[in-house]
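One structure below.
Chain A is the first sequence line, chain B the second, and so forth, proteins listed ahead of strands; every chain is numbered from 1.
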Number of protein chains: 2
Amino acid sequence: MSDDPDYLGRLRDYYARHRVLPSYSRIGGLLGFSSKASVAKLVGRLQAAGYLEFTADRRLKPGRRFFERSVAGSKVAAGFPSAVADDLQDDVAIDQDLVRHPSRTVLVTVKGDSMIDAGLLPGDRAVVERRHTAAEGDIVVAIVDNESTIKRLAKERGRFVLKPENKAYPILRPKELEIFGVVVGSYRKYR
Amino acid sequence: MSDDPDYLGRLRDYYARHRVLPSYSRIGGLLGFSSKASVAKLVGRLQAAGYLEFTADRRLKPGRRFFERSVAGSKVAAGFPSAVADDLQDDVAIDQDLVRHPSRTVLVTVKGDSMIDAGLLPGDRAVVERRHTAAEGDIVVAIVDNESTIKRLAKERGRFVLKPENKAYPILRPKELEIFGVVVGSYRKYR
DNA sequence: TTGCGCGGCGAACGATCGTTCGCTAGCATA
DNA sequence: TATGCTAGCGAACGATCGTTCGCCGCGCAA
């Protein structure tokens, strides 16, 4: 029952819908302000907190923390479920969390169920950092016979092999093995 | 060596950097136009093609196709891996893909392996949209005995039950069942 | 060769923008 | 009670916005 207007939340919702920030007067209308001056002050606060920034030409843009999400803990106090949200541990920006080197990072759609025991289902997006070397145990995107495939990189008698994480599939022992990149993360949408 | 100015591409680059579209005059400067009228016409073309849209209050915003990227399959042309890289390039697409209603969205860390067959491993982050109702078949965060738990919502003789996706776990038939939110996505980091 | 569509130019215009300033009301501290 | 701080209001202002209109030059098809 908080009467916190949650201005930031509403701005984020607007942005999620439109991928653009509205003008000060629209923000005012959106948040219930009747004066643009109030908006200016709010923007100042949000900017100081790192949620908003300005481009070089003074156009409003989302700041670093704009895309952060709060992480809820698992404790639930006294059967009151909103307490789950109060148990917030910290804020995480999904993108920054998953992508460390944007210019070298690519998304690859997972095909097939050969990595299902590693939690990679068909249709999942794998976050792949491109590079030509990988370590034993890494999940890699490899090029075999002009096809890309996602497997666990393992060693067998001093040779690198590709291990599916699904007992129904055999270990691959390709003559030529080219590493396309290393899987550093993955995500999926439900429904 | 195309002399195609690739206006759209440069607009996308700007947007990727700033998460905001510039004004007509800035677009002009950016793309090498000296007249805003030219920009207006270009915008008209891009709008007709579905790359740009306007909000209800006529503010320029990215259109449906603005975030399109060529969807690369698993084929790798002539052993040249960069073909795979033509997939999604945009780091931020991840967040925007997963989170539809920022103000109602929370991250919850998955505990235990009871949902492992649904691809939810311990430590995974579940993207949860907070709400008190859910449909049969949804993966939900529910509150049972003052603890939050992630399970598949199912129906059994007209009653809602919580189904783990792991044969080692029993179906939960709690007397009291409170929905905390619906899992709309998940992601994980490797290493 | 003429005509026409298209992409871009340049200037002008009213609308909207964000800023600024002084003001009020509430709340916490002293 | 007095003091300040914070959030918001309301009006005015110059700057910038996006639109509009007429114009030009090029390429292509008749």
Q) Got a donor-acceptor pair under 3.5 Å from the side chain of B/Ser38 to the base of C/dG7? A) no
Q | B/Leu42 vs B/Arg59, nearer the 5' end of DNA chain C by closest nucleotide | A | B/Leu42
Q | Pair B/Phe33 + B/Tyr24: ring centers closer than 6.0 Å | A | no
Q) Is the phosphate of C/dC17, meaning OP1 or OP2, less than 4.0 Å from a side-chain N or O of A/Ser25? A) yes
Q | Along DNA chain C (nearest heavy atom to each residue), the more 5'-positioned of A/Ser23 and B/Gly32 | A | B/Gly32
Q: May I have the distance from B/Lys36 (atom NZ) to D/dT19 (atom P), rounded to whole angstrom?
A: 10 Å
(Q) Distance to the ring centre below 6.0 angstrom and angle to the axis at most 45 degrees; does that hold for A/Arg10 and A/Tyr7? (A) no
Q) B/Arg58 has an atom CZ; how far is it from atom P of D/dT16, in whole Å? A) 22 Å
Q. Does NZ or CZ of A/Lys155 lie under 6.0 Å from the centre of the six-membered ring of A/Phe160, at an angle within 45° of the ring axis?
A. yes
Q. At under 4.0 Å between heavy atoms, what does A/Arg45 touch on the DNA or RNA strands: base, sugar-phosphate, or nothing?
A. sugar-phosphate
Q: Let me know the distance between CZ of B/Arg26 and P of D/dT16, rounded to the nearest Å.
A: 8 Å
Q.
Would the base of D/dG10 count as contacting A/Ser35 through its side chain, where contact means a donor and an acceptor less than 3.5 Å apart?
A. yes
Q.
Between the base of C/dG8 and the side chain of B/Lys41, is one N or O donor paired with an acceptor at under 3.5 angstrom?
A. yes
Q | Selected nucleotide, minimal atom distance to A/Ala40 side chain, candidates D/dT19, C/dT19, C/dG10 | A | C/dT19
Q) Considering only C/dG10, D/dG8, C/dG8, which nucleotide approaches the side chain of A/Tyr7 most closely? A) D/dG8
Q. For the rings on B/Phe67 and B/Tyr51, is their centre-to-centre separation under 6.0 Å?
A. no
Q. Could you give the CD1-to-P distance, from B/Ile27 to D/dT19, as a whole number of Å?
A. 11 Å
Q: Tell me which nucleotide among C/dC9, D/dG10, C/dT19 gets nearest to the side chain of A/Ala37.
A: D/dG10
Q. How long is the line joining CD of A/Gln47 and P of C/dG18, in whole Å?
A. 14 Å
Q) Side-chain donor-acceptor pair under 3.5 Å between B/Tyr190 and A/Asp138, yes or no? A) no
